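As C-alpha cells, the structure follows; a few thoughts come after it.
Proteins come first, then strands; the chains are lettered A, B, ... in the order of their sequence lines, and each starts at number 1. Bear in mind the structure is a predicted one, so any value in this text is a computation, not a measurement. Values below: all heavy atoms of this structure, side chains included; hydrogens, waters and symmetry mates excluded.
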Amino acid sequence: MDNKRKKLTARFFNRRVTTVARDLLGKYLVRKIGDKEMAFKITEVESYDGEKDLACHASKGRTMRTEVMYGEAGTIYVYLIYGMYYMLNIVTGPKDYPAAVLVRGLEGINGPGRLTKTLAINRKLNGLPLAFTAGLWIEDRGEVVSKKDIEKTARIGVEYAGPIWSQKLYRFMLKDSRPNKKTAKIK
DNA sequence: TAAGTGATCTCT
DNA sequence: GAGATCACTTAA
C-alpha cells in the first residue's frame with residue numbers, strides 16, 4: 001500500500017460532526033466498481049448534528065429511515081430526495097447520536113445529486129460501513145488544507161428548519177475550487 | 001422560473 | 001390508506 005494514501009477509519013469519523021466535516025475537505029472519495037477505481041477530491045460538505053438540529057432528518061426522532069444515522073461512525077447513509085436524486089452522507093459521532101456529514105461537492109462535480117449519479121451511488125450502499133467491501137471509502141492523500149482556504153456558510157435548502165438552524169454555519173467548502181455559481185443569493 | 005419525481009412521515 | 005413534504009436538477 002502506498003503510504004501517501006491513508007484510508008480513513010471509524011476513528012476519524014467518531015468526533016464532532018463539524019470537525020469531521022471540516023477535515024473531510026481535501027480528502028479523496030474513492031469509488032470502486034468492479035476493476036474500475038475513481039477518486040475525487042472532496043470540496044464541499046454540510047453537517048447535520050443530532051436531534052436538536054431541526055434541519056437534520058433525525059430531529060423528528062428515530063425512524064426506520066433515520067436509524068442509520070444512529071449507527072456507528074463511518075457508516076454510509078444514502079437516501080432519495082425529490083424522487084430522483086440520491087444523497088451521500090457519512091455518519092459521524094458516537095453510536096446512538098444521530099449526526100452525519102452530507103457530501104455535497106467533489107472536484108469537477110457540482111451538486112450532490114450529480115455526484116451520486118456519477119459515482120453510481122444508490123440505496124444498496126445505505127447502512128454499509130465506509131470500507132473496501134462497500135467499494136466506497138475516503139483516503140487522505142497528504143494534502144494539507146489550511147484554515148484560511150476553508151469557507152463556512154449557511155446550509156442549503158433548509159429554511160424550513162427555522163432561522164436559528166438554517167443560519168448555522170455548518171457548510172464547509174474549499175475556496176480555491178469554488179464552483180462557478182451564479183451570484184450567491186443568500187437572503 | 002417552474003416543474004418533475006417517489007420514498008417517507010403524519011394524520012385520519 | 002391518503003396527502004403533504006422534501007437536504008435538487010434540468011430545460012426553457
How is A:R104 classified with respect to the nucleic acid when contacts are heavy atoms under 4.0 Å: base, sugar-phosphate, or nothing? sugar-phosphate

Separation of C:dT10 P from A:I109 CD1 (nearest whole Å): 12 Å

What is the distance, rounded to the nearest whole Å, between atom CZ of A:R114 and atom C1' of C:dT10? 10 Å

Base, sugar-phosphate or nothing for A:L102? Non-hydrogen atoms, less than 4.0 Å. base

Pair partner, B:dT5 [Watson-Crick or wobble, under 3.5 Å]: none

For A:W165, the other hydrophobic cluster members (4.5 Å side-chain criterion, sorted by chain and number) are A:L54, A:I164, A:Y170

If you round to the nearest 0.5 Å, how far is NE2 of A:H57 from CD of A:E51? 14.0 Å

Let me know the distance between CD of A:E67 and C1' of B:dC9, rounded to the nearest Å. 16 Å

Nearest-angstrom distance from the residue atom CG of A:N126 to P of B:dG6: 19 Å

Between A:Y82 and A:T66, which has a closest nucleotide on DNA chain B that is more 5'? A:Y82

If I take atom CZ in residue A:R155 and atom P in nucleotide C:dC6, what distance separates them, rounded to the nearest angstrom? 14 Å

If I take atom NZ in residue A:K117 and atom P in nucleotide C:dT9, what distance separates them, rounded to the nearest angstrom? 10 Å

Going from CG on A:N126 to OH on A:Y79, what distance comes out if it is rounded to the nearest 0.5 angstrom? 11.0 Å

Heavy-atom contacts under 4.0 Å between residues 48-65 of chain A and DNA chain B, which residues? A:K60, A:T63, A:R65

To the nearest 0.5 Å, how far apart are CD1 in A:I138 and OH in A:Y28? 13.0 Å

Touch class at under 4.0 angstrom, heavy-atom based, for A:M84 against every strand present: base

Please state how far atom OH in A:Y86 lies from atom P in C:dC8, giving the value in whole angstrom units. 16 Å

Apply ring pair (Phe, Tyr, Trp, His ring centres under 6.0 Å) to A:F132 and list each qualifying residue two or more places apart in sequence or on a separate chain. A:W137

Quick one: do A:L102 and A:V45 satisfy side chain to side chain contact (heavy atoms under 4.5 Å, CB included)? Show the steps, please. CA-CA 6 Å; A:L102 167 64; A:V45 294; over 6 Å; no

Between the CD atom in A:E46 and the CE atom in A:M87, the distance rounded to the nearest 0.5 Å is 10.0 Å

